[in-house]
Amino acid sequence: MRKIIHVDMDCFYVAIEQRDDPHLSNLPVAVGGSSERRGVIATANYEARKYGVHSAMPSGYALQLCPGLIIVKPKMQKYKDESKVIRRIFHDYTDLVEPLSLDEAYLDTTQSTQCYGSATWIAQAICKDILSKTGLTASAGVSTSKFLAKICSDWNKPNGIKVIGPGDEIDFIDKLPVKKLHGVGKVMTSKLESMDVFTCKELRKLELAKLVKQFGKQGKYLYDLCRGVDERKVSSDSVRKSISVENTFSNDIDSWQQCESALFELVSDLSRRIEAADSEQKIHKVYVKVKLANFTQHTAESISTGLDLKLLVALLKKLREQYPSPLRLLGVGVRFPEPRKMVYAKQMDIPF
Ligand code: DCP
Ligand code: MG
């Protein structure tokens with residue numbers, strides 16, 4: 001039995017801006033690019049969310065929805081510094097910390113002895129430490145797997161904790177709407193609903209073969225999650241060989257416009273993942289990966305020291321020209337150089 005905690009800061013960028021500028025309190029605030037420069041919203045506080053403003057929305061549209069919205073320019077270095085403080089707090093409770101972005105991480109506290117080994121108390125202590133060291137609130141989910149811990153951290157947001165202990169998983173999953181499962185977007189939700197599947201309990205009635213036929217690899221993932229099966233470990237690898245993100249489409253995509261906008265979305269995800277890894281390692285290569293409707297997989301890569309969007313578009317174009325059939329999956333990633341092996345002095349002929 002594992003004890004997994006998922007911690008996620010509340011309205012992270014905006015909360016920092018509001019903490020640092022009292023003029024912003026009680027107002028609808030977002031952090032993002034300016035509407036004149038076709039910027040997008042990075043995040044918005046709850047006052048602004050009431051108007052429908054959300055992450056990744058064009059700032060111009062956000063202002064139409066919420067005319068009083070104050071849009072503050074992002075100050076990434078400040079957010080990174082806060083993120084470091086939060087990570088240090090996580091490491092006070094366990095070495096097994098897997099950051100997902102600047103403001104969220106999984107923690108495996110199965111072996112932790114702090115707070116008498118209670119994951120619930122550890123989660124409470126972490127939120128308390130975060131508040132006292134940063135003045136910001138966090139929410140946490142505590143359960144026996146990553147996917148349940150993540151759903152839980154969202155359950156009582158903001159500034160809330162939810163726990164699903166061992167033995168209570170299936171009761172909770174039974175009532176869970178399928179759209180709450182990570183990776184189940186609008187298209188998949190409506191497909192499942194057309195099959196009369198609204199909750200995970202109903203999802204469990206579908207046979208594996210049927211789910212795989214409908215959704216490919218995602219089908220197996222759904223089959224497992226609605227049974228509470230999620231063996232993914234909390235991985236705190238400090239030396240990584242690569243970081244990548246990918247998306248399996250509910251319906252294969254084919255037009256260049258669809259492919260390009262899917263790539264843009266993935267690149268923005270990937271850049272947050274890289275930032276979250278906060279690694280000292282320098283990017284060495286970038287690559288684009290496609291899986292075609294016939295399940296064959298192809299990759300195009302190039303040497304690059306950064307996440308160069310133009311280059312990634314060119315790599316995607318190359319793959320589309322070579323393999324002009326519909327895409328099941330698109331992925332994008334960066335590779336880091338192999339860490340240099342230690343060379344022992346005795347094996348070398350070193351002059352004085
Ligand atoms: N972010 C971004 N672009 C996105 C989504 C998020 O730049 N498309 C940034 C801004 C967020 C931060 O990442 O503050 C964390 O993302 P979350 O999804 O955790 O959102 P918030 O912390 O802002 O709000 P919540 O209280 O819902 O967690
Ligand atoms: Mg957050």
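Atoms within a ligand are numbered from 1 in the order they appear, just like the ligands themselves.
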Compare all side-chain heavy atoms of [X] with those of [Y] and state whether any distance is below 4.5 angstrom.
X: Gln297; Y: Leu329; value: no
X: Phe295; Y: Lys217; value: no
X: Thr43; Y: Arg49; value: yes

I need the nearest protein heavy-atom contact for [atom]: residue, atom name and distance, please.
atom: atom 26 (O) of ligand 1; value: Cys11 N, 2.8 Å
atom: atom 27 (O) of ligand 1; value: Arg49 NH1, 3.0 Å
atom: atom 8 (N) of ligand 1; value: Arg272 NH2, 3.5 Å

Looking at [Y] and [X], is there a salt bridge between them, counting it only when a charged N and a carboxylate O are closer than 4.0 Å?
X: Lys150; Y: Asp8; result: no
X: Lys78; Y: Asp81; result: no
X: Glu246; Y: Lys291; result: no

ring-ring contact (aromatic ring centres under 6.0 Å, His included) partners of Phe249, counting only residues at least two apart: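 Not a single residue meets the ring-ring contact (aromatic ring centres under 6.0 Å, His included) criterion with Phe249.
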Listed partners of His298 passing ring-ring contact (aromatic ring centres under 6.0 Å, His included), at least two apart: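 Partners of His298 by the ring-ring contact (aromatic ring centres under 6.0 Å, His included) criterion, ordered by chain and then number, come out as Tyr323.
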What I want to know is whether [X] and ligand 1 share at least one N or O pair that is separated by under 3.5 angstrom.
X: Met9; result: yes
X: Thr43; result: yes
X: Ser55; result: no
X: Ser101; result: no
X: Asp10; result: no

Which one of [options] has a non-hydrogen atom at the shortest distance from [atom]?
atom: atom 13 (O) of ligand 1; options: Tyr46, Tyr13, Phe12; result: Tyr13
atom: atom 17 (P) of ligand 1; options: Ile41, Asp103, Asp154; result: Asp103
atom: atom 2 (C) of ligand 1; options: Ala15, Ser83, Ala42; result: Ala42

Euclidean distance, Gln218 CD relative to Leu181 CG, rounded to 0.5 Å: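 It comes to 10.0 Å.
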Shortest non-hydrogen contact from Ile164 toward Ser143: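 Answer, listing the atom of Ile164 first, then Ser143: O-OG, 2.9 Å.
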Between Ser139 and Asp10, a side-chain donor and acceptor under 3.5 Å: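 Side chains of Ser139 and Asp10: pair found under 3.5 Å.
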Around the Mg ion (ligand 2), number of protein N/O/S atoms which are nearer than 2.8 Å: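 Count of protein N, O, S atoms less than 2.8 Å from the Mg ion (ligand 2): 3.
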His54 and ligand 1 - part of the residue with a heavy-atom distance under 4.0 Å: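 Within the 4.0 Å criterion, His54 makes no contact with ligand 1.
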Phe147 six-ring face occupied by Arg232 cation (under 6.0 Å, within 45°):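 No - Arg232 does not lie over the ring of Phe147 by the 6.0 Å and 45° rule.
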Protein heavy atom under 4.0 Å of atom 24 (O) of ligand 1: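 Looking at atom 24 (O) of ligand 1, one finds that a protein heavy atom does lie closer than 4.0 Å.
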Any Pro158 heavy atom less than 4.0 Å to ligand 1: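 No.
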Sub-4.0 Å heavy-atom approach of Lys157 to ligand 1: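 The answer is yes: ligand 1 sits under 4.0 Å from a heavy atom of Lys157.
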ILVMFWY clustering at 4.5 Å (side-chain atoms), partners of Tyr106: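 The other cluster members (ILVMFWY side chains, heavy atoms under 4.5 Å, direct or chained) are Ile4, Leu96, Leu100, Val234.
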